[in-house]
**Q** 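What follows is a structure written as structure tokens; I'll ask about it next.
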Amino acid sequence: MADEYLLQKVHGLSDLELAVLLCLIGREHGILSTPAEAIDDLVQELLLIARKTFGLECAVVDCDAETTLEAFASALLHPDMSTADASSQPRPASYFSSDPTKHSSSLPVTAGPTGQIANCILAKNLNRAPRLVQIQALELLRTRRIFTRTAVQTAPKQFVFLPLLEARSGGEAHVTAHLNDFFALAHWHDPDDGFVNLDELDDGEADELASTGSVVRSRHMSDATSAVAEPLLSDAEIGQLAQLSKEVQVDLDVLRYQMNIISFLRMHRAVASGTTPTATKHFDMLVRCLAPLHGLDYVTPALVELAARSVYLHRIQITEPEKERSLQWGSSLEAVRAILVDLGPEDVIDEVLETVTAPL
């Protein structure tokens with residue numbers, strides 16, 4: 001079990017910090033979303049979280065429909081390399097395209113093999129990027145490598161990839177299908193809950209962060225102190241939590257509860273897809289990662305419920321009324337439409353958790 005000092009630090013984290021911590025403990029990746037009007041605040045908050053809380057170097061990839069494969073690959077590099085003055089360098093021909101004129105993205109491009117992939121990638125609006133770019137992102141997550149024009153870059157040992165998406169709810173935030181299933185968890189942040197680290201900055205620091213992404217200040221430091229502090233959670237502490245998660249015990253009744261939730265989700269009349277084998281693997285991983293954060297060396301039904309809400313939020317796809325299975329046995333299409341209207345993944349998960357009986 002984690003020591004009391006480490007647990008105190010964990011219990012002081014915000015919801016966004018906890019989401020990133022779970023990704024780091026499980027060595028997985030997650031989708032973070034918020035309404036469109038708060039997406040820039042979410043990016044800045046995650047920059048601060050990565051550096052202040054976990055000591056990770058960040059690279060922000062601002063995606064749109066014009067993002068090219070070359071621009072995407074180059075933007076993943078360590079900020080010290082990717083923000084170099086590209087205007088003084090000749091723009092290289094694309095490694096991925098036979099037409100060297102197709103470089104419409106505004107993302108910075110670096111030439112040569114000297115770049116290094118950042119520890120934390122914040123992929124803003126990744127869902128808007130072309131399908132080929134999203135497939136390249138999937139290859140990066142699968143192989144931990146990416147091809148630039150002149151070299152193959154390898155992701156560092158401590159590496160997390162976080163798409164930051166605009167969505168009115170967590171169930172609306174997803175990327176292309178196969179890439180979507182690769183993300184272990186999803187979290188929707190309500191702007192009304194605030195952005196803890198961003199709110200602590202003064203106006204000058206906020207402007208500097210927006211322009212350079214380089215403001216780093218410990219939450220325990222006084223305003224008069226400007227030196228960069230150690231991160232709140234060190235690599236060793238994250239490693240300790242990861243090791244504890246591997247030692248967590250799961251009772252047979254709790255495991256049966258997990259499997260029942262999966263079965264009920266799969267059979268829910270509103271679910272078209274999303275209960276994949278990969279989701280089951282991530283479900284098991286997440287319940288084990290949650291236990292040491294609560295000072296436990298075993299899994300409780302409450303932790304299973306927390307994990308289910310995160311694992312399936314971005315995966316569940318609601319079926320079209322015309323394809324709902326009860327129509328095969330004479331149900332009315334109008335009645336089915338009335339049932340499915342405004343039904344989202346959050347509602348499906350709530351219904352299943354209310355239906356499946358948790359072990360005592």
Side-chain angles (χ1 to χ4, degrees), residues 1-32 46 49-56 119-120 141 156-162 170 182-189 193 196-197 218-220 230-259 261-262 278-314 349 353 358-360:
M1 190 164 60
D3 62 78
E4 190 62 30
Y5 177 66
L6 177 54
L7 287 176
Q8 286 179 358
K9 291 199 286 186
V10 169
H11 293 166
L13 299 179
S14 67
D15 60 336
L16 289 170
E17 289 171 320
L18 285 171
V20 177
L21 177 59
L22 287 169
C23 291
L24 293 172
I25 293 174
R27 293 195 176 277
E28 296 289 349
H29 314 276
I31 294 177
L32 304 179
L46 264 296
I49 287 173
R51 296 188 179 184
K52 290 171 55 179
T53 308
F54 303 110
L56 304 176
N119 301 98
C120 177
L141 301 187
K157 181 179 179 181
Q158 192 75 293
F159 176 65
V160 62
F161 188 98
L162 302 170
F182 205 88
F183 290 107
L185 59 89
H187 175 74
W188 186 82
H189 181 74
D193 293 337
V196 177
N197 292 276
S218 169
R219 68 182 66 191
H220 303 300
E230 291 295 319
L232 181 65
L233 290 172
S234 66
D235 286 347
E237 289 171 324
I238 295 172
Q240 179 186 352
L241 293 171
Q243 181 60 39
L244 289 172
S245 71
K246 297 177 182 178
E247 301 170 358
V248 167
Q249 300 297 313
V250 182
D251 185 80
L252 182 60
D253 288 336
V254 175
L255 180 60
R256 185 180 296 114
Y257 180 51
Q258 285 181 234
M259 296 302 106
I261 290 174
I262 295 169
T278 303
T280 301
K281 181 189 74 172
H282 288 155
F283 194 7
D284 180 69
M285 177 276 297
L286 192 55
V287 295
R288 294 174 185 273
C289 289
L290 283 167
L293 301 188
H294 291 79
L296 301 173
D297 58 4
Y298 58 91
V299 174
T300 67
L303 296 183
V304 173
E305 293 181 12
L306 282 175
R309 295 182 189 279
S310 294
V311 169
Y312 291 99
L313 179 61
H314 63 297
I349 296 171
L353 294 178
L360 298 177

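Predicted model only: the values in this text are computed from it and were never measured.
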**Q** Does any non-hydrogen side-chain atom of Tyr257 lie less than 4.5 Å from one of Glu305?
**A** yes
**Q** Could you tell me whether the side chain of Leu13 reaches within less than 4.5 Å of the side chain of Leu21, counting heavy atoms only?
**A**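 Result yes, sub-4.5 Å side-chain heavy-atom pair found.
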**Q** Taking only residues two or more places apart in sequence, or in another chain, which ones meet Gln258 in a side-chain hydrogen bond (donor to acceptor under 3.5 Å, both in side chains)?
**A**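 So Gln258 forms no side-chain hydrogen bond (donor to acceptor under 3.5 Å, both in side chains) with any residue.
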**Q** Over all heavy atoms of both residues, which pair between Cys120 and Leu162 is shortest? Give the atoms and the distance, please.
**A** SG-CD1, 4.3 Å
**Q** Give the C-alpha distance, both sets of side-chain angles, the deciding distance and a yes or no for side chain to side chain contact (heavy atoms under 4.5 Å, CB included) between His189 and Asp15.
**A** CA-CA 8 Å; His189 181 74; Asp15 60 336; 3.0 Å; yes
**Q** Could you check Asp193, Val196, Val20 and say which one makes a side-chain contact (heavy atoms from CB on, under 4.5 Å) with Ser14?
**A**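 Checked Asp193, Val196, Val20 against Ser14; only one passes side-chain contact (heavy atoms from CB on, under 4.5 Å): Val196.
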**Q** To the nearest 0.5 Å, what is the distance between CG (Asp3) and CD (Gln240)?
**A** 5.5 Å
**Q** With sequence neighbours left out, which residue pairs that include part of residues 282-292 fulfil the salt bridge (charged side-chain N to carboxylate O under 4.0 Å, His left out) condition?
**A**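 Residue pairs passing salt bridge (charged side-chain N to carboxylate O under 4.0 Å, His left out), neighbours aside: Asp284-Arg288.
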**Q** Just how far is it from atom CZ of Phe283 to atom CE of Met259, taken to the nearest 0.5 Å?
**A**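 That separation rounds to 7.0 Å.
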**Q** Checking Asp253 now: which residues fulfil side-chain hydrogen bond (donor to acceptor under 3.5 Å, both in side chains) with it, not counting sequence neighbours?
**A**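 Listed in chain order: Arg256.
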**Q** Run the numbers on Leu16 and His187 for side chain to side chain contact (heavy atoms under 4.5 Å, CB included), then give the verdict.
**A** CA-CA 8 Å; Leu16 289 170; His187 175 74; 3.8 Å; yes
**Q** Would you say the side chain of Leu233 lies within less than 4.5 Å of the side chain of Leu24, judging by non-hydrogen atoms?
**A**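 Counting from C-beta outward, Leu24 and Leu233 never come under 4.5 Å.
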**Q** Using 0.5 Å steps for rounding, measure from the CG atom of Asn197 to the CD atom of Glu17.
**A** 5.0 Å
**Q** Heavy-atom distance under 4.5 Å between the side chains of Val248 and Val287, does that happen here?
**A**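 No, every pair of side-chain atoms sits at 4.5 Å or beyond.
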**Q** Is any side-chain heavy atom of Thr280 closer than 4.5 Å to a side-chain heavy atom of Val311?
**A**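 They are not in contact (no side-chain heavy atoms under 4.5 Å apart), so the answer is no.
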**Q** Hey, is the main chain of Phe183 close enough, under 3.5 Å, to the side chain of His314 for a donor-acceptor pair?
**A** yes
**Q** Going by side-chain hydrogen bond (donor to acceptor under 3.5 Å, both in side chains), name the residues that satisfy it together with Asn119, two or more places apart in sequence or in a different chain.
**A** none
**Q** Checking Glu237 now: which residues fulfil salt bridge (charged side-chain N to carboxylate O under 4.0 Å, His left out) with it, not counting sequence neighbours?
**A**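 In terms of salt bridge (charged side-chain N to carboxylate O under 4.0 Å, His left out), with neighbours along the sequence ignored, Glu237 is linked to Lys9.
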**Q** Closest approach of Gly26 and Met285, non-hydrogen atoms and distance?
**A** CA-SD, 3.9 Å
**Q** Can you check whether Leu353 reaches Arg309 side chain to side chain, under 4.5 Å on heavy atoms?
**A**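 Yes, at least one pair of side-chain atoms sits under 4.5 Å.
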**Q** Can you name the residues that form a side-chain hydrogen bond (donor to acceptor under 3.5 Å, both in side chains) with Asp235, not counting sequence neighbours?
**A** Gln158
**Q** Can you name the nearest heavy-atom pair linking Gln243 to Glu247, along with the distance?
**A**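 Shortest heavy-atom contact: NE2-OE2, 3.1 Å.
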**Q** Working to the nearest 0.5 angstrom, can you tell me the gap between Ile349 CD1 and Ser310 OG?
**A** 8.5 Å
**Q** How far apart are the closest heavy atoms of His282 and Glu28, and which atoms are they?
**A** NE2-OE1, 3.5 Å
**Q** Would you say Asp297 and Leu244 make side-chain contact, with heavy atoms under 4.5 Å?
**A**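 The answer is no, as the side chains (C-beta and beyond) never meet within the 4.5 Å cut-off.
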**Q** Nearest 0.5 Å please: distance from the CD1 atom of Ile238 over to the CZ atom of Phe54.
**A** 5.5 Å
**Q** Using the ring-ring contact (aromatic ring centres under 6.0 Å, His included) rule, take Phe159 and His29 through it: C-alpha gap first, then chi angles, then the decisive distance, then the call.
**A** CA-CA 9 Å; Phe159 176 65; His29 314 276; 5.7 Å; yes
**Q** Quick one: closest heavy-atom pair of Ala291 and Leu303, and the distance?
**A** CA-CD1, 3.7 Å
**Q** Which pair of non-hydrogen atoms, one from Pro301 and one from Val254, has the smallest distance, and what is that distance?
**A**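 Here Pro301 and Val254 meet closest at CD-CG2, 4.4 Å.
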**Q** How long is the span from the NZ atom in Lys281 to the CG atom in Leu286, to the nearest 0.5 Å?
**A** 13.0 Å
